[in-house]
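We use all heavy atoms of the structure for the numbers below, so side chains are in, but hydrogens, waters and symmetry mates are not. The first residue in the sequence is number 1, and the count goes up from there. Counting starts at 1 for both ligands and their atoms, in listed order.
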Amino acid sequence: MTPTSFRHGTPERTAVLLVNLGTPDEPTPAALRRYLAEFLGDPRVVEIPRAAWLPILHGVILRTRPAKSAAKYASIWTPEGSPLAVWTQRQAAGLQQRLGAGVLVRHAMRYGNPAIPQVLDELTAAGATRVLVLPLYPQYAASTTATANDAVGAWLARQRRQPEVRFVNHYPDDAGYIAALAAQVRSHWQQHGRGQKLVMSFHGVPRRTLELGDPYHCECHKTARLLAAQLGLGKDEWVVTFQSRFGKAEWLKPYTEPTLIQLARDGLKRVDVMCPGFPADCLETLEEINMEVRAAFVQAGGREYHYIPCLNDAPVWLDALADLAQRHLQGWPLAETPAAERALQRERALAMGAAA
Ligand SMILES: C=CC1=C(C)c2cc3[nH]c(cc4nc(cc5[nH]c(cc1n2)c(C)c5CCC(=O)O)C(CCC(=O)O)=C4C)c(C)c3C=C
Ligand SMILES: [Fe+2]
Ligand SMILES: [Fe+2]
């Protein structure tokens, strides 16, 4: 048990914890090795018996993949850092601004930094007694949502006085999310014209997870169907694909790159590609979709490949996120009175004095 930072009688304080996957600290093989060891060592991500998987991971994979992945990350790295980290930070800042000072908003990463237990420690040290966990995964998958929830659960198991915790499970059909995606597509069409087909590429997962009851596949299709309807697309004007296959097993199909190659071979000249399941641009969208898959499409005879960026810090998306958070915060008072805030400061000063 870690010592609690609560004191009896402190005012109630509400926090929102935005959770994302995480990203390496630097685009270097050493940083990639640390990140991939944590990510691919998670039994929720690679569901192969440990005794068989760990020797492969620590043998061939962590010897070869870090250098290759570091080069890919280097191609998308920004002066402020990894795109996933930069956009997640901005989303947290935008949400904080919208929810106001009565709610503490922080972001945390499942792998790498800032780590979930560290941010939860900081939130409780700042007086949070209620935490809404809001994963930046609109579609639920055991390999993303469940493992983030597990990390919160593992932290809770170490607390003497636990905060009250709520988990947002999924929001593939949230009206604000769908409207934000539609606005992103329409704004792209206004600026660049419209393609013959809209490819909606979602991150893949092993096909076996669908058979095991993971709702991810259905939820991706639900998002795509609602978005297509909102855009008024006919059934031949859009397609759902799955990207980022890892390992040799079968993953959800159709795969993104072979689909785009086939579309080019069938004579399609101009395509629009977006990744609705990724609220923030990252390696998988900027390098895989906007570079690798683009090259494959053009090489197969396609002429115009338009990548539509993720929602990132689009105000309409941040408004939708704030609305989603507010619905899940219902019943939790958001605004602290100035008197409660002063009481909290006094308690903190006392606690620090007692610890000194
Ligand atoms: C919906 C989101 C995601 C699901 C589902 C998901 C499943 C999943 N991913 C891997 C393996 C890798 N994914 C990698 C990067 C990555 N994955 C997601 C999201 C989902 N993954 C994001 C947002 C990112 C980008 C992170 C960034 O830093 O920008 C990588 C690392 C990169 C590489 O070396 O290729 C791996 C590996 C598995 C095995 C899996 C489900 C079983
Ligand atoms: Fe992934
Ligand atoms: Fe990838």
- prompt: What do the steps show when you test Gln326 against Leu99 for side chain to side chain contact (heavy atoms under 4.5 Å, CB included), and what is the final call?
  reply: CA-CA 8 Å; Gln326 253 149 358; Leu99 294 180; 3.8 Å; yes
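The shell of residues lying under 4.0 angstrom from ligand 1, judged by heavy atoms, excludes Tyr111.
Interatomic distance, Ser82 OG to Trp77 CH2, rounded to the nearest 0.5 Å: 4.0 Å.
Every atom of ligand 1 with a heavy atom of Val45 under 4.0 Å away is listed here by number and element: 38 (C), 39 (C), 42 (C). Below 4.0 Å from some heavy atom of Thr23 lie the following atoms of ligand 1, by number and element: 27 (C), 28 (O), 29 (O). When each atom of ligand 1 is checked for a heavy atom of Leu21 under 4.0 Å away, the hits are 16 (C), 17 (N), 18 (C), 22 (C), 24 (C), 26 (C). In the vicinity of Val205, heavy-atom distances shorter than 4.0 Å reach the ligand 1 atoms 5 (C). Within ligand 1, the atoms closer than 4.0 Å to a non-hydrogen atom of Gly22 are 26 (C), 28 (O), numbered from 1 in the order shown.
Between Cys282, Pro27, Gly247, it is Cys282 that holds the heavy atom closest to atom 23 (C) of ligand 1. Nearest-heavy-atom check against atom 21 (N) of ligand 1 across Lys68, Glu219, Arg208, His203 picks out His203. Considering only non-hydrogen atoms, atom 3 (C) of ligand 1 lies nearest to Thr144 out of Thr145, Ile76, Thr144. Comparing heavy-atom distances from atom 26 (C) of ligand 1 across Phe202, Trp87, Tyr73, Tyr216 singles out Tyr73 as nearest.
The cationic group of Arg207 does not satisfy the cation-pi geometry with Trp251, failing either the under 6.0 Å distance to the six-membered ring centre or the 45° limit from the ring axis.
In terms of polar-atom proximity, defined here as any N/O pair under 3.5 Å, Arg65 does make such a contact with ligand 1. Looking at Leu283 next to ligand 1, an N or O pair under 3.5 Å apart turns up. Annotation: Ser143 places no N or O atom under 3.5 Å from an N or O atom of ligand 1; distance criterion only.
In terms of distance to the Fe ion (ligand 2), the nearest N, O or S atom of His203 is named NE2.
The part of Pro206 lying near ligand 1 is the side chain, judged by heavy-atom distances below 4.0 Å.
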